[in-house]
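The structure under discussion appears below in the form of structure tokens.
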Amino acid sequence: YLWLHTPQTLAATMDPARGAFGLWERMGWKAEAWDVDELRRKVPFIDKTGDLGGAVFAPRDGLVNPNTLKNRFRDEARKLGVKFDDRRLVRSASFSSDLENPSIMVECEVFSPEISADRKAEILRGEAARQGAIFNSYRAKKVVNCAGAWAPKIAEILGYTCPSVPVRRQISIFDCRDVDLSPYGMTIDTSGVYFHPEAMNGLAGFANRNEPPGINYAYDGETFFQESIWPALYERSTQFERLKHVTGWAGLYEVSPDESAIIGEATGLKTGEGKRMVFDAHSFSGHGAMHAYGAGLALAELIARGRYETIDLDALSGRRFASGSLIHESHVI
């Protein structure tokens, strides 16, 4: 990752006491601080630098395809006997009254393979009733709410409150014929626009902090690119002055109040129900692919052994919102 900084944000990042750079060094994560001259030598297409104080580059950071990573995890899990039932929508849950053998019954609607994308979106937004499909029931001793943008709804069904909200994020693919981005990784501009190579094109995104929460898959197309992406890129490089919008899409982040993940035993369940039965792993606020392995390992230990062993993630428990012990990440895009 290459983070571009104004003089002010660079000073904050390099602050020995509170800056992120010192934390990376203490944790053994290699990072380099560049002044503007070094930035222009190493990334010559970034040639509009009048507002910059420098940049921070982490050579061991990398880009992955999150869908490919997910499929890799799934393939490895199947080898260990895990079964995946896809196209399920949780509709209800109930806790057994058997204190000797507690369990949770989860009822799911099965999406038909023939359902249209528009119809499915209506159902997921809560604008349409059940589609009259088959229902499956699952009895479980442990349930993990890892439903991403739907975590608040799953929490409601299970009997507790999730403070996160779904928020639309949009991505644009653009033709950048005047510059070859392939030698570079992810670049984060001071404007908040980030970009990286995507096959023969470029990919860019931007978090609109005024975006209202909700289930929204609509991509604003050329308008989003022209208003939110291109102006920032134009001001950063002469080779970005002639970009062409190709396509894009919209997806959902699940965003917690402090934009950090919620992991651990669910809090706020009805008294006597769900003790050490319901767990959270959601609200990664766009960092899910990066956090997936560590989150899965830690939560598996908590569920199977009753404690964290490899990584202590207690600070990410949902209890922090009641106690005010929020975790504010300094580098969020």
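Hydrogens, waters and symmetry mates are skipped; everything else that's a heavy atom, side chains included, is used.
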- Nearest atoms (heavy-atom pairs only) where Ala121 meets Tyr217: CB-CD1, 4.2 Å

- Task: Could you tell me how the ring of His5 sits relative to the ring of Trp3: parallel (under 30°), tilted (30 to 60°) or perpendicular (over 60°)?
- Result: parallel

- Note on the structure: Grouping ILVMFWY residues whenever side-chain heavy atoms fall under 4.5 Å, the cluster of Leu23 otherwise contains Met27

- Task: Check side chain to side chain donor-acceptor pair (under 3.5 Å) between Lys42 and all other residues, then give those that pass, not counting sequence neighbours.
- Result: Glu38

- When clusters are formed by joining ILVMFWY residues with side-chain heavy atoms under 4.5 Å apart, either directly or through shared neighbours, do Met277 and Phe279 land in the same one? no

- Message: If I take atom CZ from residue Arg305 and atom CD from residue Glu301, how far apart are they, to the nearest 0.5 angstrom?
- Response: 5.5 Å

- Message: The criterion is side chain to side chain donor-acceptor pair (under 3.5 Å); which residues satisfy it with Asn216, sequence neighbours excluded?
- Response: none

- side chain to side chain contact (heavy atoms under 4.5 Å, CB included) between Val179 and Ser237: does it pass, once the steps are laid out? CA-CA 10 Å; Val179 58; Ser237 171; 5.9 Å; no

- Note on the structure: Rounded to the nearest 0.5 angstrom, the CH2-CG distance for Trp29 and Asp61 is 5.5 Å

- Query: Between Glu254 and Lys153, is there a side-chain N and carboxylate O pair less than 4.0 Å apart?
  - Reply: no

- Kindly determine whether Val106 and Ile157 satisfy side chain to side chain contact (heavy atoms under 4.5 Å, CB included), including the steps that lead there. CA-CA 9 Å; Val106 180; Ile157 291 172; over 6 Å; no

- Does the Ser283 side chain pair with the main chain of Ser164, one donor and one acceptor, at a distance under 3.5 Å? no

- Query: Honestly curious: do Leu297 and Tyr308 fall in one hydrophobic cluster under the side-chain, below-4.5 Å linking rule?
  - Reply: no

- Message: Count I, L, V, M, F, W, Y as connected when their side-chain heavy atoms are under 4.5 Å apart, and connections chain through other members. Are Tyr253 and Phe224 then in the same cluster?
- Response: no

- Query: Is the shortest side-chain N to carboxylate O distance from Arg236 to Asp51 below 4.0 Å?
  - Reply: yes

- Query: Would you say Lys142's side chain and Arg276's backbone share a donor-acceptor pair under 3.5 angstrom?
  - Reply: yes

- Sequence neighbours excluded, which residues qualify as salt bridge (charged side-chain N to carboxylate O under 4.0 Å, His left out) partners of Glu211? Arg168

- For Trp230, enumerate each residue passing the side chain to side chain donor-acceptor pair (under 3.5 Å) test, keeping only those at least two apart in sequence or located in another chain. none

- Check the pair Asn136, Glu107 against side chain to side chain contact (heavy atoms under 4.5 Å, CB included), reporting the backbone distance first and the verdict last. CA-CA 6 Å; Asn136 279 1; Glu107 187 179 56; over 6 Å; no

- In terms of hydrophobic clustering (I, L, V, M, F, W, Y; side-chain heavy atoms under 4.5 Å; direct or indirect links), are Val90 and Val278 co-clustered? yes

- Query: Considering only heavy atoms from C-beta outward, does the side chain of Asn101 approach that of Ser96 to under 4.5 Å?
  - Reply: no

- Is the number of heavy atoms from other residues, nucleotides or ligands under 6.0 Å of Lys244 NZ greater than 12? no

- Query: Got a sec, which residues hit side chain to side chain contact (heavy atoms under 4.5 Å, CB included) with Cys146, two or more places apart in sequence or on another chain?
  - Reply: Val144, Ala281

- Message: Is it the case that atom CE in Met105 sees more than 12 heavy atoms from other parts of the structure closer than 6.0 Å?
- Response: yes

- Query: side chain to side chain contact (heavy atoms under 4.5 Å, CB included) with Asp86: which residues, sequence neighbours excluded?
  - Reply: Arg74, Phe84

- Item | Rounded distance [0.5 Å steps], CG in Leu313 versus CG in Leu299 | 8.5 Å

- Rounded to the nearest 0.5 Å, what's the gap from CG on Leu233 to OH on Tyr194? Could you check? 12.0 Å

- If you measure from the Lys or Arg side-chain nitrogens to the Asp or Glu carboxylate oxygens, is any gap between Asp37 and Arg40 under 4.0 Å? no

- May I ask you to decide if the ring planes of His245 and Phe225 are parallel, tilted or perpendicular, using 30° and 60° as cut-offs? tilted

- Note on the structure: Applying side chain to side chain contact (heavy atoms under 4.5 Å, CB included) to His196 and not counting sequence neighbours gives Leu63, Met186, Glu198, Leu203

- Check: Thr267/Arg319 side-chain N/O donor and acceptor closer than 3.5 Å: no

- Say whether Asp180 and Ser182, considering side chains only, have a donor N or O and an acceptor N or O under 3.5 Å apart. yes

- Task: State yes or no: do Val56 and Ile46 share one hydrophobic cluster built from I, L, V, M, F, W and Y residues joined by side-chain heavy-atom distances below 4.5 Å, directly or via other members?
- Result: no

- Can you name the salt bridge (charged side-chain N to carboxylate O under 4.0 Å, His left out) partners of Asp178, sequence neighbours left out? Arg242

- When you look at Asn71 and Thr68, which way does the side chain to side chain contact (heavy atoms under 4.5 Å, CB included) test go after all the steps? CA-CA 5 Å; Asn71 289 334; Thr68 302; 5.7 Å; no

- Over 12 non-hydrogen atoms of neighbours within 6.0 angstrom of CZ in Arg72: no

- Donor-acceptor contact present, side-chain Asp47 to main-chain Thr238, <3.5 Å: yes

- Query: Which pairs pass ring-ring contact (aromatic ring centres under 6.0 Å, His included) with one or both residues in residues 38-70, sequence neighbours excluded?
  - Reply: Trp34-Phe57, Phe45-Tyr184, Phe45-Phe240

- Task: For Ala147, enumerate each residue passing the side chain to side chain contact (heavy atoms under 4.5 Å, CB included) test, keeping only those at least two apart in sequence or located in another chain.
- Result: Asn145, Trp150, Ile154

- OH/Tyr234: more than 12 non-hydrogen atoms of other groups inside 6.0 Å: no

- Query: Which value, rounded to the nearest 0.5 Å, describes the distance between Ile263 atom CD1 and Ser317 atom OG?
  - Reply: 10.0 Å

- Do any N or O atoms from the side chain of Thr6 and from the backbone of Thr9 form a donor-acceptor pair under 3.5 angstrom? yes

- Query: Quick one: hydrophobic cluster around Ile262, which other residues, with the 4.5 Å side-chain cut-off, linked directly or via members?
  - Reply: Phe321, Leu326

- Give, for atom OG of Ser285 and atom CG of Asp258, the distance between the pair rounded to the nearest 0.5 Å. 8.0 Å

- Should we count CZ of Arg18 as having more than 12 external heavy atoms under 6.0 Å? no

